[in-house]
Chemist: 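Take this structure first; my questions come after.
None of these values were measured; they are calculated from a predicted model. A note on names: the letters A, B, ... follow the listed sequences, proteins ahead of strands, and every chain is numbered from 1.
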2 protein chains.
Amino acid sequence: MKNYVDILKKADLKATLQRTAILEIIDQYGHIGIEQLYQTIIRSHATLSLATVYKNIITMVEKGVIVEVAIMGSKPQYELKKAEHIHLICQSCGSVNDEMIDSDDLKLLKERKDFRFASSQINLYGLCKVCIDTSHTKASA
Amino acid sequence: MKNYVDILKKADLKATLQRTAILEIIDQYGHIGIEQLYQTIIRSHATLSLATVYKNIITMVEKGVIVEVAIMGSKPQYELKKAEHIHLICQSCGSVNDEMIDSDDLKLLKERKDFRFASSQINLYGLCKVCIDTSHTKASA
DNA sequence: CTTCATGCAAATAATTTGCAGTAAG
DNA sequence: CTTACTGCAAATTATTTGCATGAAG
């Protein structure tokens, strides 16, 4: 469990209860979309408004506290800013899992002339372990 | 210039004038979002409706004729289904450029247990050549 | 012919905004 | 105190849907 107040202050943002709650939930889920984030947060903070969620997502992305993960075929999700990694996205259940990579692996990919690299987003789409197993079970049942 | 009628028929879709027009523009632009696609298309096909654009984008994605490119910080764009490549996305001007890659390069990335790989989407964010040069010009002016 | 696609208008969903009241530093 | 944040409601934008008409195979 991270110190969300600290994270916010380092980003020059006031550490409001709403923001720490949002960060806490994003951290718990790993990745989450706006609507699910909102539905989750109002269980513990009943008065927190959807507009506040939107506004904070925008400012926290701007300040680099969180990162928007663009996903083919669905709405974006948000994650805490963290070490470089790729996403394994299940096209059956929608789960998103992080996978660490050796940052040297992609050095050649990033070092290119005529483009000043800033960041990358690498998504692999397919079936997660659970869904592979589930489909086997169904098929053989 | 490709044979869009053929592409559509192979995908079991009727080759309507609207669909070929949409494919032609996507092909010309390389990547394009819904709104720009619509604005462009009505110059030559004044009566083509936005609803038709939406419906066709959805069905052509389903049939694998086109691919949705999810982009951090903006609406998705669409491209023709083509050989594996990565995207160089300029965070200043928004341009999206394809870059071919050796498919062996990423073999280790894709071959992982506990995940059945289907497809990947690799985006590099940064500054394109034009915007690098432009910022130099401004800075030294 | 028969089936599927189009266009319109209306419905719904998603996101943004303005502003008065509150809380953080 | 002062500035920035929140919550509400309203506005705007984006996307989807139903249905009558029209075109493709």
Side-chain angles (χ1 to χ4, degrees), chain A residues 3-26 32-63 65-66 68-78 94, chain B residues 3-26 32-63 65-66 68-78 94:
Chain A
N3 187 338
Y4 306 115
V5 173
D6 248 39
I7 294 175
L8 289 165
K9 290 193 176 161
K10 279 181 189 149
D12 282 307
L13 290 172
K14 286 189 176 173
T16 66
L17 188 58
Q18 290 86 340
R19 281 177 183 157
T20 54
I22 290 171
L23 290 179
E24 199 173 335
I25 289 174
I26 293 176
I32 193 168
I34 298 274
E35 192 56 31
Q36 194 186 359
L37 170 56
Y38 175 64
Q39 292 304 333
T40 305
I41 212 166
I42 56 176
R43 289 191 215 136
S44 48
H45 301 75
T47 64
L48 202 160
S49 74
L50 182 54
T52 295
V53 173
Y54 274 106
K55 285 171 184 167
N56 279 320
I57 290 292
I58 291 168
T59 59
M60 293 195 289
V61 166
E62 277 171 4
K63 295 290 189 174
V65 172
I66 60 177
E68 176 182 321
V69 181
I71 297 176
M72 181 173 57
S74 63
K75 301 264 145 161
Q77 302 211 358
Y78 299 87
Chain B
N3 186 338
Y4 306 114
V5 173
D6 247 40
I7 293 175
L8 289 165
K9 289 192 175 162
K10 278 181 190 150
D12 282 307
L13 291 172
K14 286 187 177 175
T16 66
L17 187 58
Q18 288 87 341
R19 281 177 184 157
T20 54
I22 289 171
L23 290 179
E24 199 173 336
I25 288 174
I26 292 176
I32 194 169
I34 297 275
E35 193 56 31
Q36 194 185 359
L37 170 56
Y38 175 64
Q39 293 304 332
T40 305
I41 212 166
I42 55 176
R43 290 190 213 135
S44 49
H45 301 75
T47 64
L48 201 161
S49 74
L50 183 55
T52 295
V53 173
Y54 274 106
K55 285 171 184 169
N56 279 321
I57 290 293
I58 292 168
T59 59
M60 292 194 291
V61 166
E62 278 171 2
K63 295 289 189 172
V65 172
I66 61 177
E68 176 181 322
V69 182
I71 296 176
M72 181 173 57
S74 62
K75 301 263 142 158
Q77 301 211 359
Y78 299 87

Chemist: About how many Å separate CD1 of A/Ile7 and CE of A/Met60, when rounded to the nearest 0.5 Å?
Modeler: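 Answer for the CE-CD1 pair, A/Met60 versus A/Ile7, is 10.0 Å.
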
Chemist: With no hydrogens and no angle check, is any side-chain donor or acceptor of B/Glu68 less than 3.5 Å from a backbone partner on A/Met72?
Modeler: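 Answer holds: no.
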
Chemist: When you check the phosphate oxygens OP1 and OP2 of C/dA5, does a side-chain N or O of B/Asn56 lie under 4.0 Å from one of them?
Modeler: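 No, outside the criterion.
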
Chemist: Roughly how many Å is it from CD in B/Gln36 to C1' in D/dA14, rounded to a whole number?
Modeler: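 Roughly 17 Å, once rounded to whole Å.
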
Chemist: B/His45 has an atom NE2; how far is it from atom P of D/dA23, in whole Å?
Modeler: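 Roughly 14 Å, once rounded to whole Å.
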
Chemist: Does a side-chain heavy-atom distance below 4.5 Å link A/Ile22 with A/Ile66?
Modeler: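 Answer no - side chains too far apart.
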
Chemist: Roughly how many Å is it from CZ in A/Arg19 to C1' in D/dC5, rounded to a whole number?
Modeler: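 Distance check: A/Arg19 CZ to D/dC5 C1' gives 6 Å.
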
Chemist: When rounded to the nearest 0.5 angstrom, what distance separates OH in B/Tyr38 from CD1 in B/Ile42?
Modeler: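 CD1 of B/Ile42 is found 4.5 Å from OH of B/Tyr38.
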
Chemist: How long is the straight-line distance from CG of B/Leu13 back to OH of B/Tyr4, given to the nearest 0.5 Å?
Modeler: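 Spacing of OH (B/Tyr4) from CG (B/Leu13) equals 16.0 Å.
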
Chemist: Once you round it to whole Å, what is the distance between P of C/dA5 and CD1 of B/Ile22?
Modeler: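 Result: 12 Å.
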
Chemist: By nearest nucleotide on DNA chain C, pick out whichever of A/Leu13 and B/Leu17 is the more 5' one.
Modeler: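 Final value for this comparison: B/Leu17.
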
Chemist: Quantify the bending of the helix from C/dC1-D/dG25 to C/dG25-D/dC1 as the angle between its end axes, each fitted on five pairs, to 10°.
Modeler: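 Between the first-five-pair axis and the last-five-pair axis there is 50°.
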
Chemist: Under 4.0 Å: is that the gap between some side-chain N or O of A/Thr52 and OP1 or OP2 of D/dG7?
Modeler: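 Answer is yes, contact under 4.0 Å.
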
Chemist: Can you find a pair of side-chain heavy atoms, one from A/Tyr78 and one from A/Ile34, that are under 4.5 Å apart?
Modeler: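 Yes, side chains in contact.
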
Chemist: Show me the donor-acceptor pairs, under 3.5 Å and distance only, between side chains in residues 50-59 of chain A and residues at least two apart or in other chains.
Modeler:
from	atom 1	to	atom 2	distance (Å)
A/Thr52	OG1	A/Ser49	OG	3.0
A/Asn56	OD1	A/Arg19	NE	2.7
A/Asn56	OD1	A/Arg19	NH2	3.3
A/Asn56	ND2	A/Thr52	O	3.2
A/Thr59	OG1	A/Lys55	O	3.4
A/Thr59	OG1	A/Asn56	O	3.3

Chemist: Atom CG of A/Leu8 to atom P of D/dA4: distance rounded to whole Å?
Modeler: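 Nearest whole value for this atom pair: 16 Å.
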
Chemist: Is there a side-chain contact between A/Gln18 and the phosphate of C/dA23, meaning an N or O under 4.0 Å from OP1 or OP2?
Modeler: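 So the side chain of A/Gln18 is outside the cut-off, no N or O lying under 4.0 Å from OP1 or OP2 of C/dA23.
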
Chemist: Among B/Gln36, B/Glu35, B/Arg43, which residue meets the side-chain hydrogen bond (donor to acceptor under 3.5 Å, both in side chains) test with B/Gln39?
Modeler: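 Only match with B/Gln39 under side-chain hydrogen bond (donor to acceptor under 3.5 Å, both in side chains): B/Glu35.
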
Chemist: Which letter, B, S or -, goes with each nucleotide of nucleotides 8-15 of chain C from 5' to 3', with contact meaning a protein heavy atom under 4.0 Å?
Modeler: BB----SS

Chemist: OP1 or OP2 of C/dT6 less than 4.0 angstrom from a side-chain nitrogen or oxygen of B/Thr16, does that happen here?
Modeler: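 Yes, because at least one side-chain N or O of B/Thr16 sits under 4.0 Å from OP1 or OP2 of C/dT6.
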
Chemist: Going by heavy atoms in the side chains, are A/Gln77 and A/Leu37 under 4.5 Å from each other?
Modeler: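 No - every pair of side-chain heavy atoms lies 4.5 Å or more apart.
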
Chemist: B/Tyr78 has an atom OH; how far is it from atom C1' of D/dA14, in whole Å?
Modeler: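 Taking atom C1' of D/dA14 as the reference, OH of B/Tyr78 is at 11 Å.
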
Chemist: Can you check the B/Ile57 CD1 to D/dA14 C1' distance for me, whole Å?
Modeler: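 Between C1' of D/dA14 and CD1 of B/Ile57: 14 Å.
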
Chemist: From CD of B/Gln39 over to P of D/dT13, roughly how many Å is that when rounded to an integer?
Modeler: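 So the CD-P distance, B/Gln39 to D/dT13, works out to 13 Å.
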
